[in-house]
Amino acid sequence: MTEFAAIAAPAAPRSAELIDGKAMAATIRGELRETVAKLAANGTHPGLAVALVGEDPASAVYVGGKIRACKEIGIRSIEARLPADTTTAQLLELIDQWNADDNVDGILVQLPLPRGLDTQAVVERILPSKDVDGFGADNLGRLAQGRPRLVACTPWGVMEMLKRWGQPSGWTPAGKRAVVIGRSITVGRPMALLLLSADATVTICHSRTPDLASAVRQAEIVVAAAGQRHLVQGDWIAKGAVVIDVGIHRGEDGKLTGDVDFATASQRARAITPVPGGVGPMTIAMLMANTVSACRQRRGQGV
Ligand code: GUN
């Protein structure tokens, strides 16, 4: 071995463009602040009610971010922090109160709920017109029918990122092969429906998909929402693909990373979202947009 061979080759540079969700979300929040100020001038004040059950630290951080965004934009927020031993009946009663409260335009129950609570009953109890998460059968069914009303915030945020990133070059999802990894109600399923509505050819992959790598290698758009750290390897990414990473995981070093191995994937992708600073801030921005939209739909388009 020569002395030169011992010198590590420098890491290949990142060639992908970063899709800056943090900056896009700030722009959207700015747009919404103006809209909310106009509504307020007409005497209309959008309101969001948020329930957090139990002590999950990650959920507490997410709810904190949502309440902060409300304050920034001028949306009134009501927060209910309930103990982990809250019963399904108690939570349903709270939702009933918020359903009946005319000052509440949007209702969000932070998931996952503590074990023993009936998530489906809770999600379905929220009035479809106030279901700003878009998880209920009415809103998800409407999306499946291609006539969306309130759309789940994370997948809608991904579509908004693709739209804003693609605008300067004229890139759109239309006609592209898209692979969505994950089939949850919160992300994977609505994501696939939205991409389909945008004329992509969509494949949904999940934990039982054989040879995930070869499915991803076909994709011009990859949305990773599997909840598994660094599941998607760089050499799975087709040259020039657009990669959206919905995952968020805290490594042993305390750093946040996603479902995609960013260091290697960013050498092959055309564009990629970072973690943090990618999809996360967009989810909150779209929740704010849904709350304003629910307010307008409930109180009449003119407001
Ligand atoms: N937990 C993780 N993401 C979400 C979300 O978008 N909405 C709710 N309610 N809970 C979540």
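One-based numbering, in listed order, for ligands and for the atoms of each. Sequential numbering from 1 along the given sequence is applied to the chain's residues.
- Between the side chains of Ser293 and Gln297, at least one donor-acceptor pair of N or O atoms lies under 3.5 Å.
- When the heavy-atom distances from atom 5 (C) of ligand 1 to Asp133, Ile126, Val246, Ile248 are ranked, the shortest goes to Asp133.
- For ligand 1 and Leu108, the ligand atoms under 4.0 Å from any heavy atom of the residue are 9 (N).
- Residue contacts with ligand 1: Val109 is placed with a nitrogen or oxygen under 3.5 Å of a nitrogen or oxygen of the ligand (distance criterion only).
- Residue Thr273 forms a side-chain contact (heavy atoms from CB on, under 4.5 Å) with just one option from Val260, Ile244, Val246, Val242, and that option is Ile244.
- Other residues, nucleotides and ligands contribute over 12 non-hydrogen atoms within 6.0 Å of the CD atom of Glu79.
- When the shell of 6.0 Å around CD of Gln90 is examined, it contains more than 12 heavy atoms from other residues, nucleotides or ligands.
- Not a single heavy atom of Tyr62 sits closer than 4.0 Å to an atom of ligand 1.
- Given atom 1 (N) of ligand 1, the protein heavy atom at minimum distance is Leu111 O, 2.8 Å.
- Within a 6.0 Å radius of CD in Gln120, other residues, nucleotides and ligands contribute 12 heavy atoms or fewer.
- Note: an N/O pair closer than 3.5 Å links Gln110 and ligand 1 by distance alone.
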